[in-house]
Amino acid sequence: MREITFSEATLEAMAEEMERDARVFVMGEDIARQGGIFGQFKGLPQRFGTDRVLDTPISETAIVGAGVGAALAGMRPVVDMHFADFITVCMDEVVNQMAKIRYMFGGQCTVPVVLRAPDGIIRSAAAQHSQSLESWFLHVPGLKVVVPSNPADAKGLLKAAIRSDDPVLYFEHKALFPTKGPVPDGDHLVPIGKANIVRPGRDLTIVSYSMMLHRVLEAADKLAGQGIEAEVIDLRTISPIDFDAIYASIAKTHRLMIVHEAVKTGGVGAEIAARAAEENLDLLDAPIVRIGAPYVPIPFSPNLEKLVKITADDVALAAKKLCN
Amino acid sequence: MREITFSEATLEAMAEEMERDARVFVMGEDIARQGGIFGQFKGLPQRFGTDRVLDTPISETAIVGAGVGAALAGMRPVVDMHFADFITVCMDEVVNQMAKIRYMFGGQCTVPVVLRAPDGIIRSAAAQHSQSLESWFLHVPGLKVVVPSNPADAKGLLKAAIRSDDPVLYFEHKALFPTKGPVPDGDHLVPIGKANIVRPGRDLTIVSYSMMLHRVLEAADKLAGQGIEAEVIDLRTISPIDFDAIYASIAKTHRLMIVHEAVKTGGVGAEIAARAAEENLDLLDAPIVRIGAPYVPIPFSPNLEKLVKITADDVALAAKKLCN
Amino acid sequence: MKHDAEFLRHLYRRMISIRLFEEKIGELFLGGELPGFVHLYVGEEAIAVGVCASLTDQDYITSTHRGHGHCIAKGAKIGPMMAEIFGKQTGYCKGKGGSMHIADFSVGMLGANGVVGGGYNLAVGAALAAKMRKSGQVAVCFFGDGASNRGTFHEGINMAAAWKLPVVFVNENNQWASTTPYRTTNNIEDIADRAKGYGIPGVVVDGNDIFAVLETAKAAIDRARAGEGPTLIEAKTYRIKGHFVGDPEMYRTKAEVQKHFDENDPLKNFAHKVIGAKLLKQADLDAIASETAREIEQAVGEARQAPYPDEAELFADLYVEGVK
Amino acid sequence: MKHDAEFLRHLYRRMISIRLFEEKIGELFLGGELPGFVHLYVGEEAIAVGVCASLTDQDYITSTHRGHGHCIAKGAKIGPMMAEIFGKQTGYCKGKGGSMHIADFSVGMLGANGVVGGGYNLAVGAALAAKMRKSGQVAVCFFGDGASNRGTFHEGINMAAAWKLPVVFVNENNQWASTTPYRTTNNIEDIADRAKGYGIPGVVVDGNDIFAVLETAKAAIDRARAGEGPTLIEAKTYRIKGHFVGDPEMYRTKAEVQKHFDENDPLKNFAHKVIGAKLLKQADLDAIASETAREIEQAVGEARQAPYPDEAELFADLYVEGVK
Ligand SMILES: Cc1ncc(C[n+]2csc(CCOP(=O)(O)OP(=O)(O)O)c2C)c(N)n1
Ligand SMILES: Cc1ncc(C[n+]2csc(CCOP(=O)(O)OP(=O)(O)O)c2C)c(N)n1
Ligand SMILES: [Mg+2]
Ligand SMILES: [Mg+2]
């Protein structure tokens with residue numbers, strides 16, 4: 001299969017969906033002239049015109065609010081957050097409008113907005129440009145949240161998100177944009193809400209997503225060398241979470257670990273662990289282990305930043321402990 | 001002990017701390033002329049002047065942002081959110097500024113702001129005026145979060161919050177304001193970070209806070225009539241959570257249930273359950289049960305709203321099931 | 001006066017519908033029949049009706065917490081409005097929205113909004129959709145004097161001005177934001193002056209004179225439709241009723257209110273003018289009023305009889321594509 | 001020209017410090033020595049220095065992502081600034097903040113800000129504190145043309161105007177918000193015109209002429225100190241360097257940039273005027289420049305040698321009162 005970057009994969013998704021459906025357009029800061037900080041919009045204005053690829057003012061409430069308004073008026077907007085950290089600036093538009101409008105209005109309308117939000121740690125971007133905030137949105141009924149880890153899923157989930165009649169938050173890890181991977185030709189779609197077993201195993205289940213999936217896969221390689229076979233699940237969607245896949249796996253492995261880059265406390269791992277401990281405690285032979293960032297803002301200094309990043313060794317070590 | 005309302009208790013706390021420290025002031029919408037929607041600021045402008053009790057424009061980013069700025073300049077502001085739902089409007093100020101400034105700047109300053117946020121369901125206020133959003137802030141290092149359930153704690157925690165050099169979010173349930181309870185005379189303080197065992201028991205531990213604590217206590221009464229003795233813990237603070245208190249209790253009861261009004265998925269209960277399943281699974285003889293709101297925005301119609309409210313019967317039923 | 005009798009009757013019908021509807025709602029609320037809380041549009045009828053008279057069902061409006069008048073002016077039906085405010089299944093939002101979240105997408109009424117200032121960007125987005133489609137549709141955003149201090153005012157109007165979107169921003173300056181007088185939170189006499197900061201026309205109009213509103217709004221709507229961009233209209237009026245029904249109104253005197261009503265009642269103004277110009281007779285107006293009153297009585301009767309939403313409806317209309 | 005030689009030397013020292021500091025930072029960054037990303041203030045020196053010349057260490061400023069110039073202008077030391085940008089323990093923020101979060105509270109520099117438009121309300125709050133204490137302090141908020149479209153601009157300036165706070169808003173209109181030209185996102189020639197919407201003075205000044213800036217800023221600062229409220233100053237300038245170091249600058253020609261620099265370099269302007277007026281000699285300027293260059297070289301040497309923060313520092317300075 002051809003290999004392209006994550007960034008190119010999202011670009012293909014955008015182009016194909018904009019081609020397919022004239023109602024699809026995209027707006028955000030520095031996406032037309034610059035092509036996006038990560039090149040993720042490059043060439044779209046040339047192809048679709050700056051009427052459908054709009055450089056906006058620095059006005060996040062207008063970007064998201066107008067996205068919702070355009071959706072109510074029949075369009076299918078993709079809005080870009082520049083950095084996921086700035087979703088804080090328009091939380092009202094996301095939480096009180098985008099998520100609730102259809103329900104509050106008794107189903108009179110749909111809100112087919114996709115909100116793209118580059119997140120995660122990259123190169124000492126420090127406390128206000130490095131956050132992974134996806135777990136907040138688990139707690140907000142009305143949204144769907146996807147978190148691709150590779151180019152194929154990046155494309156397939158973005159296309160699915162654009163076609164979805166529900167609002168979808170699409171968190172894309174900044175450090176993933178330049179990474180390459182195989183992407184099927186043609187109209188490749190990945191269903192929202194379905195996890196992916198990326199590595200089968202019998203000794204423990206490791207659930208992860210986005211960037212951290214790669215740390216987990218490295219760890220799984222190491223563990224295999226030490227006789228421990230981890231089953232690795234890429235969630236792909238964190239709202240709704242595919243608990244069927246998780247439960248099927250722990251029915252086999254009887255051990256569960258969850259790994260994400262976001263702060264451990266109150267992260268997605270909390271919901272997964274809690275739900276497993278509620279619904280399937282019998283299946284488990286050991287405590288449920290969560291790995292996430294320590295309880296601090298992301299520090300600037302590279303040697304401190306390193307301490308909040310999760311490594312394959314962290315994962316492997318914890319997995320070994322869990323399997324003993 | 002004298003009995004006063006929750007609203008009066010917070011008013012005493014404000015007055016005492018404003019008396020004690022000239023740097024303390026309060027600002028928000030409709031707090032001076034109106035005295036607060038729940039009467040919680042009544043009389044303060046008369047006593048301290050409208051220079052220290054300020055009616056603001058409808059500008060939540062300015063209210064919180066200026067609170068943070070005033071704190072950086074040496075004041076001790078209390079800022080009022082009117083309704084907790086509107087914290088979404090100023091999430092950047094709370095999450096990216098208030099919580100992170102001290103850390104990012106290497107401890108050059110303190111940020112002694114108290115943010116008061118009336119939350120919870122009351123009288124069909126519907127999807128945008130009924131939310132309980134406290135769990136988001138568990139996930140934000142740099143904040144402390146308190147959730148009083150009764151007048152004495154309301155007073156003691158508010159005084160402690162105002163005196164704290166760290167930023168504190170103070171969530172006060174709208175339906176609690178008119179409720180009465182005993183409040184000690186004098187300089188009553190409740191330490192941030194310490195839970196309260198409000199009812200001892202041997203059969204299961206029920207952890208709760210704010211309004212739901214009362215449903216839990218009602219349930220505990222019912223359960224006692226059926227031979228089940230629940231130990232009830234009022235968290236009082238949800239960031240940081242007093243895990244010592246929870247673990248000491250489950251070491252005795254071996255059963256854990258968490259009850260809150262917020263949406264169950266991604267709620268505070270998730271963190272508590274996950275942490276218990278990680279650190280003290282051995283202590284538990286049964287699944288960890290969480291009770292929280294179902295996964296929908298709060299509907300307007302009273303008969304639907306009722307379905308998202310947790311009752312003492314819901315709690316008692318789940319507890320009985322858990323103890324069998 | 002260049003309007004024909006048919007059109008004048010239409011205007012009066014809409015205005016009196018609002019007046020009688022609101023008075024009935026106030027009565028029902030005080031009688032304990034309505035859930036939630038309600039904000040009445042009494043005294044501001046000329047604004048919504050005067051503006052909407054130049055709109056078609058294909059045009060959009062966004063509204064506020066005080067939204068009944070906007071609904072009726074845009075052509076929503078009394079029956080499903082009344083049912084919605086009762087929280088009944090037959091309401092516009094199937095009882096899920098209530099007074100603060102009432103909407104009728106079939107006539108382009110994109111919803112009341114519980115978040116003050118939440119509507120600007122929805123209107124901007126609807127206008128953006130219209131511009132992209134070249135459909136000739138116009139969006140109108142109604143908002144209060146208090147709302148003019150939300151950041152969304154600035155972000156929305158700036159974006160609309162920069163992109164020359166077909167949107168009209170209609171400020172209803174009723175001198176009060178809840179308990180807070182206009183001039184204590186704004187340092188300018190006329191909100192319309194803010195238009196200068198966006199390079200768009202800003203016009204002050206007597207909001208109690210429907211003919212003045214009609215003319216001003218028509219010019220702005222025509223301008224928007226012609227692709228010449230947004231206008232900011234400030235309609236000066238006065239809030240005759242309390243902020244919400246049940247407001248003790250400690251912050252102003254009854255005499256002040258009465259004086260405003262006596263001098264500026266838009267319905268009296270209308271009657272005076274059309275009867276003076278011999279275009280309609282008092283008897284014409286009375287006939288319309290009694291017909292309207294009957295319609296409202298009927299709506300109340302039907303709403304009382306209508307069922308609450310079935311409990312099975314709780315999860316309906318949250319997602320288009322199912323999530324459990 | 002009424003300034004004495006000592007003062008002129010002071011101005012030049014600050015301006016050339018910024019210029020040489022920024023050029024050095026650019027070089028170090030391209031050499032791979034600096035973590036994170038850096039935004040340079042080259043070409044805008046006259047603004048920060050001209051404004052801060054009328055402030056004392058007791059006065060406050062808030063800054064932006066492009067904050068080095070504001071730091072130096074306010075009197076921060078080169079050594080700890082350089083160390084901070086290297087991420088070292090000896091930096092102003094102990095390496096936790098970096099370029100985008102640099103602060104020096106000892107001279108009233110309340111911090112750079114990674115959130116565009118995050119500074120307005122911090123300045124408003126600091127000014128509120130000053131007003132409450134009647135301390136005579138003034139706060140200055142620096143912000144970009146792009147930032148002028150954030151909602152916080154509106155909320156902050158409105159609150160400051162309504163409350164007549166001692167704050168001066170200084171817009172640095174360098175014609176670019178990252179890759180987006182000013183006039184594509186703003187429908188007005190002069191941002192200063194927005195002052196009309198708040199009933200405060202709005203003044204345009206040549207931001208490349210320090211004497212013009214000095215005079216305008218002094219008048220505004222005096223006005224603020226006298227209790228007459230805020231002023232909005234727009235200093236017109238041009239961004240000479242890329243948005244960040246490493247910016248490929250595909251969105252403009254080198255010739256355009258060169259033209260602006262040739263015609264408007266604020267340092268050349270200054271030299272031309274003071275030498276022309278025979279107040280200083282070229283040799284005076286050269287001496288200051290070489291002294292400054294030495295100081296910067298020394299700071300680089302020291303920063304290189306300085307240790308990274310100890311790993312034990314990770315959790316330090318998050319809370320004042322410990323939380324684990
Ligand atoms: C973001 C937000 N802040 C505060 C409130 C609470 N609130 C509801 S209505 C209101 C006053 C609104 O005044 P105005 O905009 O003048 O509208 P009016 O009520 O006069 O029609 C306030 C403060 C809210 N609903 N949303
Ligand atoms: C709220 C927010 N949105 C977007 C960004 C990304 N961003 C950083 S700098 C910048 C451009 C700022 O332009 P301007 O305010 O003119 O300042 P300048 O860089 O020209 O000094 C943008 C869009 C951000 N940091 N914060
Ligand atoms: Mg008003
Ligand atoms: Mg700029």
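Throughout, a chain's letter reflects where its sequence line sits, starting with A, and its residues are numbered from 1.
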Look only at the side chain of B:Y103 and the backbone of D:G97, and say whether a donor-acceptor pair between them is shorter than 3.5 Å.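 Such a contact is absent between B:Y103 side chain and D:G97 backbone.
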
Side-chain donor/acceptor of B:Q108 to backbone N/O of D:Y92, under 3.5 Å: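 Side chain of B:Q108 to backbone of D:Y92, a donor-acceptor pair under 3.5 Å: yes, one is there.
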
I'd like to verify something: which residue of B:C90, B:P57, B:G193, B:A71 has the highest number of heavy-atom pairs under 4.5 Å with chain D?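 Option with the top pair count is B:P57.
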
Best-contacting candidate, B:G142, B:G107, B:P167, against chain D by heavy atom pairs under 4.5 angstrom: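 Looking at each of B:G142, B:G107, B:P167 in turn, B:G142 comes out on top.
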
Option in [options] with maximal non-hydrogen atom pairs under 4.5 Å from chain B:
options	answer
D:T62, D:V115, D:V124	D:V115
D:A112, D:G119, D:G125	D:G125
D:H101, D:M100, D:Q137, D:K94	D:H101

Heavy-atom side-chain contact between [X] and [Y] under 4.5 Å:
X	Y	result
D:K131	B:D51	no
B:M27	D:L128	yes
D:W163	B:L54	yes
D:E321	B:K144	yes

Spacing of [atom1] belonging to [X] relative to [atom2] belonging to [Y], to within rounding of 0.5 Å:
X	Y	atom1	atom2	result
D:M109	B:F105	CE	CZ	7.0 Å
D:L318	B:D166	CG	CG	8.0 Å
B:E93	D:L122	CD	CG	8.0 Å
D:R133	B:R23	CZ	CZ	10.0 Å
B:T61	D:Y120	OG1	OH	10.5 Å
D:Y319	B:T110	OH	OG1	14.5 Å

Atom group of B:D92 that falls short of 4.5 Å from chain D, counting heavy atoms: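 Interface part for B:D92: side chain.
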
Tell me, for B:I101 versus chain D, whether the close heavy atoms (under 4.5 Å) come from the side chain, the backbone, both or neither.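 For B:I101, the contact with chain D is made by the side chain alone.
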
Which atoms of [X] are under 4.5 Å from chain B, going by heavy atoms: the side chain, the backbone, both sets, or neither?
X	answer
D:D104	both
D:A139	neither
D:L314	both
D:A130	neither
D:A103	both

How close do D:A126 and B:A73 get, counting heavy atoms only, and between which atoms?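 Nearest pair, atom of D:A126 first, then B:A73: CA-CB, 3.9 Å.
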
So which atom in D:M159 and which in B:A62 form the shortest heavy-atom distance, rounded to 0.1 Å?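 In this case the closest contact between D:M159 and B:A62 is CE-CB, 3.7 Å.
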
